[in-house]
Amino acid sequence: MRISGKLNNEDTLRSAAGYLHYLNHNLDGAMEKALLVIPYGYKRHDWDLEDIISELEDLVQSAGIDIQEKTICRIKEINAFYYIGKGKAFEIKEKAHDKHVDVVIFNSDLTPGQQRTCEEIIGVKVIDRTQLILDIFAQRAKSNEGKIQVELAQLNYILPRLTGSAKYLSRLAGGIGTRGPGEQKLEIDRRRIKEKISKLKTDLEILKRQRKSLRIQRKRNDLPLLSLVGYTNSGKSSLLNKLTGSEAIVENRLFSTLDALTRRLALPNHQKILLTDTVGFLHNLPHNLIESFKSTLEEAQEADLLLHVVDASSHLLLEKIKDVNKVLKELKLEEKPVLMILNKIDKPGARKNAKKMELEFPDSIMVSALSGYGLNKLKDLLEKKLKYFTKTIEILIPFNQMNILDMISREGEVLEREYIETGVKLKARIPTHLANNLKIVSGV
């Protein structure tokens with residue numbers, strides 16, 4: 001028996017993934033069973049069919065769903081009413097009933113009408129690619145901002161689906177596609193959802209202004225900001241942890257982390273920088289999801305340098321690089337300076353792939369976030385790339401102001417030191433903001 005229950009309007013609109021998470025499984029703890037539908041052949045595909053299926057399986061497993069059956073629907077064109085055609089929808093109905101599945105998952109985005117008609121024929125819950133990804137996001141979001149963004153994206157997703165079938169909207173058995181505000185009652189009408197969307201946008205705007213204040217403070221201190229970007233599960237969080245000693249969540253699954261995380265890192269010359277981890281990208285990432293999570297990606301837009309982390313062991317290395325570059329272009333980040341980091345170099349086949357990549361991207365570096373290989377070389381490279389955030393100075397420090405010498409030694413790199421009668425004469429490379437606050441004898 002599947003859990004069901006009623007939520008009043010306030011509970012439903014106020015709740016996110018936390019309150020409704022318990023609705024996602026049977027009373028005995030069994031996972032939901034899914035039949036996967038892979039439409040193919042109606043357009044030019046960048047990936048092989050096998051790789052498309054493999055990534056869909058990874059997404060579904062990341063959502064905690066048990067895959068019972070996969071079916072490939074080779075179609076010449078998209079059907080306006082059923083996406084895959086009425087006949088194929090009936091074929092899927094038979095398979096779904098034979099396997100006793102709870103949900104049919106399409107590896108495509110369906111219109112509200114296509115979703116309703118397919119569900120009416122098949123007789124079980126039907127969700128599309130966007131709803132699947134949103135469900136994963138609902139499970140992963142931990143910060144207040146992350147939860148707001150997921151809730152806003154889900155409400156924008158269900159708003160056009162409010163008209164039509166009452167049966168579609170009242171399927172409150174829980175499970176995939178119903179986490180967070182995705183599980184709404186028919187009585188939650190369009191007006192209330194629009195009011196909630198408006199409030200969430202206001203909340204995001206407040207958080208945006210708070211981040212802007214933090215960025216102003218950072219610029220005042222001249223701390224360089226570097227953003228880790230890349231395909232999901234490329235090892236960005238592992239790299240952040242290894243470099244900064246952070247404890248960001250690391251799991252071998254897609255979208256293991258959703259919220260942006262910023263940590264401070266000291267380079268070999270003692271220069272302090274800020275390193276930010278961002279949400280991973282995906283093949284054919286729906287445009288509306290990119291729009292929904294632009295505020296999370298603002299750190300990348302403000303970054304002085306993007307660190308594009310790549311899984312060097314993947315046989316889809318080039319394809320995933322293209323997918324990331326496509327999203328960066330959509331975010332208007334294609335002109336940002338980028339350093340490519342070829343991660344997971346210790347895995348089978350990675351070094352061979354990386355050698356090929358070095359020919360196409362000579363300004364790249366091989367590392368392993370797991371073993372620490374190449375990380376010291378990476379820090380040295382970052383130091384060279386960020387020299388414009390430092391200034392070389394010569395300064396005379398009186399003996400009664402040795403605290404300045406301590407500060408320079410702690411924040412920068414002493415190049416020359418000479419003790420004279422009136423104090424200590426230094427030549428040092430220090431952060432620009434510190435140089436501006438010191439009495440400089442002469443700039444070099």
Side-chain angles (χ1 to χ4, degrees), residues 142-146 149 207-230 234-250 257-281 293-309 324 328 331-333 335-341 343 365 367 369 372 374-391 407-413 429-437:
K142 303 298 180 186
S143 71
N144 185 41
E145 183 174 15
Q149 287 180 117
L207 291 170
K208 184 177 180 179
R209 289 198 293 268
Q210 291 174 352
R211 279 198 314 275
K212 186 176 180 180
S213 297
L214 291 173
R215 284 198 296 271
I216 291 172
Q217 181 63 40
R218 175 184 67 82
K219 288 179 179 178
R220 189 178 295 127
N221 293 330
D222 278 336
L223 287 178
L225 175 64
L226 282 65
S227 280
L228 296 163
V229 298
S234 61
K236 296 187 281 59
S237 297
S238 296
L239 188 60
L240 178 78
N241 288 347
K242 200 73 172 183
L243 286 171
T244 67
S246 179
E247 296 182 354
I249 297 173
V250 175
T257 55
L258 178 64
D259 303 304
L261 180 66
T262 301
R263 291 292 182 265
R264 186 172 292 207
L265 171 65
L267 297 178
N269 64 349
H270 305 297
Q271 182 182 6
K272 305 295 192 303
I273 66 173
L274 297 176
L275 192 59
T276 298
D277 187 14
T278 59
V279 62
F281 301 151
F293 289 87
K294 270 188 175 178
S295 57
T296 295
L297 295 166
E298 272 185 2
E299 293 301 321
Q301 292 173 323
E302 295 292 329
D304 301 293
L305 177 65
L306 300 180
L307 304 182
H308 183 171
V309 183
V324 171
L328 291 178
L331 292 168
K332 296 180 171 55
L333 297 176
E335 299 301 323
K336 286 276 186 183
V338 178
L339 172 62
M340 184 168 292
I341 300 176
N343 190 28
I365 181 170
V367 306
L375 296 190
N376 288 334
K377 186 178 177 181
L378 173 60
K379 291 178 184 178
D380 291 337
L381 185 57
L382 294 178
E383 182 181 311
K384 291 177 183 177
K385 285 186 171 292
L386 295 173
K387 274 189 176 179
Y388 59 91
F389 280 94
T390 63
K391 190 170 186 177
M407 184 190 308
I408 290 174
S409 300
R410 186 172 61 252
E411 298 289 333
E413 182 180 11
R429 186 181 297 115
I430 61 177
T432 305
H433 73 92
L434 181 57
N436 293 337
N437 292 328

Student: To the nearest 0.5 angstrom, please state how far the CG atom of L226 sits from the CG atom of L305.
Tutor: 4.5 Å

Student: Looking only at non-hydrogen atoms, find the nearest pair between T244 and L240 and report the distance.
Tutor: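 Where T244 meets L240 most closely, the heavy atoms are OG1-O, 2.7 Å.
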
Student: For E383 and E413, run side-chain contact (heavy atoms from CB on, under 4.5 Å): C-alpha distance rounded to whole Å, both residues' side-chain angles, the deciding distance at 0.1 Å, then the answer.
Tutor: CA-CA 11 Å; E383 182 181 311; E413 182 180 11; 4.3 Å; yes

Student: Any side-chain heavy-atom pair from I341 and L378 closer than 4.5 angstrom?
Tutor: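 They are in side-chain contact.
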
Student: Is a donor on one side and an acceptor on the other found under 3.5 Å between the side chain of N343 and the backbone of K236?
Tutor: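 No, because the side chain of N343 does not come within donor-acceptor range (under 3.5 Å) of the backbone of K236.
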
Student: Measuring from L239:CG to L275:CG, what's the distance to the nearest 0.5 Å?
Tutor: 7.0 Å

Student: Determine the minimum heavy-atom distance between H270 and G412, stating which atoms define it.
Tutor: CD2-O, 2.7 Å

Student: Looking at side-chain heavy atoms only, is the closest gap between L386 and I273 below 4.5 Å?
Tutor: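 The answer is yes; the side chains approach within 4.5 Å.
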
Student: State the NZ-CG distance between K385 and D304, to the nearest 0.5 angstrom.
Tutor: 13.0 Å

Student: To the nearest 0.5 Å, tell me how far L225 CG sits from L306 CG.
Tutor: 9.0 Å

Student: When you measure from the side chain of K336 to the backbone N and O of A303, does any donor-acceptor pair fall under 3.5 Å?
Tutor: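 Side chain of K336 to backbone of A303, a donor-acceptor pair under 3.5 Å: yes, one is there.
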
Student: Checking side-chain contact (heavy atoms from CB on, under 4.5 Å) for the pair R264/L223: CA distance, chi angles, key distance, verdict?
Tutor: CA-CA 9 Å; R264 186 172 292 207; L223 287 178; 3.5 Å; yes

Student: On a heavy-atom basis, which atom in K272 and which in A266 lie closest, and how many Å separate them?
Tutor: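 Residues K272 and A266, closest heavy atoms: CD-CB, 4.0 Å.
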
Student: Heavy atoms, side chains only, cut-off 4.5 Å: are L333 and Q301 in contact?
Tutor: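 Yes - at least one pair of side-chain heavy atoms lies under 4.5 Å apart.
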
Student: Got L382 and L307 here, is their nearest side-chain heavy-atom distance under 4.5 Å?
Tutor: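 The answer is yes; the side chains approach within 4.5 Å.
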
Student: Considering all heavy atoms of both residues, which atom of A300 and which atom of V229 are nearest to each other, and what is their separation?
Tutor: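 Nearest pair, atom of A300 first, then V229: CB-CG1, 4.3 Å.
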
Student: Working to the nearest 0.5 angstrom, can you tell me the gap between Q271 CD and L265 CG?
Tutor: 10.0 Å

Student: Can you confirm whether K377 sits close enough to I365 that some side-chain heavy atom of one is under 4.5 Å from a side-chain heavy atom of the other?
Tutor: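 Answer yes - side chains close enough.
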
Student: Heavy atoms only: give me the nearest L228-T278 pair and the separation to one decimal.
Tutor: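 Result for this residue pair: O-OG1, 2.7 Å.
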
Student: A side-chain contact here means heavy atoms from C-beta on lying under 4.5 Å apart; do L339 and H308 qualify?
Tutor: no

Student: When rounded to the nearest 0.5 angstrom, what is the spacing between CG in L267 and CG in L243?
Tutor: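 Here the rounded value is 9.5 Å.
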
